[in-house]
2 protein chains.
Amino acid sequence: MGAGTKGTSVSPGHSTGTAVAEYERSCEAGPDVGRMIRDVLDRVGDKWSLLVVGTLGGERRRFSELLRGIPGISQRMLTLTLRQLERDGLVVRTAYAEVPPRVEYELTELGGTFVEIAHTIADWAIANHGAIERSRSRYDDR
Amino acid sequence: MGAGTKGTSVSPGHSTGTAVAEYERSCEAGPDVGRMIRDVLDRVGDKWSLLVVGTLGGERRRFSELLRGIPGISQRMLTLTLRQLERDGLVVRTAYAEVPPRVEYELTELGGTFVEIAHTIADWAIANHGAIERSRSRYDDR
DNA sequence: CGGAATCCCTTGGGATACTG
DNA sequence: CAGTATCCCAAGGGATTCCG
């Protein structure tokens with residue numbers, strides 16, 4: 001990923017500043033960085049994007065593969081999610097004009113960098129869900 | 001719990017396996033790792049958690065500070081989000097029994113590790129929103 | 001000041017049925 | 001197979017009011 005943005009720079013030295021906090025500051029200066037974050041957050045946040053991207057991983061997969069690969073998803077939501085990802089340039093769709101139609105999806109380069117976010121989140125989830133569950137129990141019976 | 005991650009750290013050796021892909025595999029073996037991911041994803045994904053945690057950053061802040069610090073949020077959602085975060089053990093709430101009540105919020109250690117996710121996402125957003133916007137334009141007028 | 005409660009509209013998203 | 005189209009309910013979340 002291109003961490004080296006020059007203009008509105010992201011200033012790699014996080015010492016006191018959260019990127020989000022830094023966004024707060026840059027709000028009064030630059031253009032609305034807030035929208036950018038919101039924008040990406042909305043995509044990260046929706047119920048399926050990350051799972052789809054994650055499941056897509058490195059290989060090209062066809063629609064039905066993804067449908068089976070992602071347990072709870074409906075075919076409607078898979079379609080919608082894939083359209084979004086395609087629009088955002090994270091995924092490329094290739095349709096083959098065959099008699100039983102075949103469509104394959106693949107991550108773009110940009111999509112590949114997005115996977116790292118999936119990594120980060122999933123790893124954190126795996127590492128810390130125990131602590132979270134415990135905290136919840138403590139909070140609930142109290 | 002571990003996927004090799006011990007404490008707070010993220011990203012072990014990604015070679016072929018997405019953490020999400022790894023979750024796919026472990027689905028048939030271990031307990032429902034899916035729920036863990038969904039669980040954390042739901043928290044990451046909701047409209048405000050990341051912004052609140054990010055804004056909270058290192059320091060303790062009071063309710064009204066956060067309210068002003070996070071542009072679009074309603075006081076209702078701030079309350080709800082903070083309760084969730086407290087329940088999950090990412091944030092501690094300290095109420096001072098004073099005449100005009102004062103309540104301060106602060107990240108826990110666990111909450112601190114969560115900030116790294118905010119970093120990752122925010123940085124990615126800043127670095128790549130340009131490409132995304134361009135992709136969208138291309139997709140839309142077509 | 002820091003909430004809790006209520007109201008109410010908007011959105012997300014599942015189920016189902018139909019089509020090229 | 002890979003969608004699109006409808007229907008419809010449930011959750012999300014803003015605005016407002018009330019309270020200790």
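Values below: every heavy atom of this structure, side chains too, minus hydrogens, waters and symmetry copies. The sequence lines fix the lettering, A, B, ..., with proteins before strands; numbering per chain opens at 1.
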Grab the [atom1]-[atom2] distance between [X] and [N] for me, whole Å please.
X        : N      : atom1 : atom2 : result
A:Met77  : D:dT4  : CE    : P     : 13 Å
B:Arg61  : C:dG2  : CZ    : P     : 14 Å
A:Arg68  : D:dC1  : CZ    : C1'   : 11 Å
B:Leu67  : D:dG14 : CG    : P     : 11 Å
B:Gln84  : D:dG13 : CD    : C1'   : 14 Å
A:Glu65  : D:dC1  : CD    : C1'   : 13 Å
A:Glu104 : D:dG3  : CD    : C1'   : 16 Å
B:Arg60  : C:dG2  : CZ    : P     : 13 Å

*Verify, without hydrogens or angle tests, whether A:Ser135 (side chain) and B:Arg87 (backbone) share a donor-acceptor contact under 3.5 angstrom.*
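Yes, because the side chain of A:Ser135 sits within donor-acceptor range (under 3.5 Å) of the backbone of B:Arg87.
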
*Can any side-chain N or O of B:Thr55 pair as donor or acceptor with the backbone N or O of B:Leu51 at less than 3.5 Å?*
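Present.
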
*Indicate, with a heavy-atom threshold strictly under 4.0 Å, whether B:Tyr96 touches base, sugar-phosphate, or nothing.*
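Touches nothing.
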
*Between C:dG3, C:dG14, D:dG14, which one does the side chain of A:Ser74 approach most closely?*
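The listed nucleotide nearest to A:Ser74's side chain is C:dG14.
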
_Nearest to the A:Lys47 side chain among C:dG14, D:dG3, C:dG2, which nucleotide is it?_
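So the nucleotide nearest the side chain must be C:dG14.
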
*Taking atom types as modelled and ignoring hydrogens, do the side chains of A:Ser49 and A:Asp46 form a donor-acceptor contact shorter than 3.5 angstrom?*
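On atom types as modelled, these side chains qualify, holding a pair under 3.5 Å.
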
*In terms of side-chain geometry, is the basic nitrogen of A:Arg60 or A:Glu104 positioned less than 4.0 Å from the acidic oxygen of its partner?*
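Salt bridge present between A:Arg60 and A:Glu104.
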
*Aromatic B:Tyr96 / basic B:Arg102 pairing, under 6.0 angstrom, 45° off normal*: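 Yes, a cation-pi geometry.
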
*Where is the tightest heavy-atom contact between B:Thr113 and A:Trp124, given as atom of each residue plus distance?*
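For B:Thr113 versus A:Trp124, the nearest heavy atoms are OG1-NE1, 2.7 Å.
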
_Whether A:Ser64 contacts D:dA2 is assessed here as follows: a side-chain N or O lying under 4.0 Å from the phosphate OP1 or OP2. Is that the case?_
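For A:Ser64, the contact criterion (side-chain N or O under 4.0 Å from OP1 or OP2 of D:dA2) is met.
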
*Taking OP1 and OP2 of D:dC1, is either one under 4.0 Å from a side-chain nitrogen or oxygen of A:Arg62?*
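A:Arg62 to D:dC1 OP1/OP2: no side-chain N or O under 4.0 Å.
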
*side-chain contact (heavy atoms from CB on, under 4.5 Å) partners of A:Asp39, counting only residues at least two apart*: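 side-chain contact (heavy atoms from CB on, under 4.5 Å) check on A:Asp39 returns B:Glu133, B:Arg136.
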
Would you tabulate the nitrogen or oxygen pairs shorter than 3.5 Å linking the protein to nucleotides 4-10 of chain C?
from  : atom 1 : to      : atom 2 : distance (Å)
C:dA4 : N6     : B:Gln75 : NE2    : 3.2

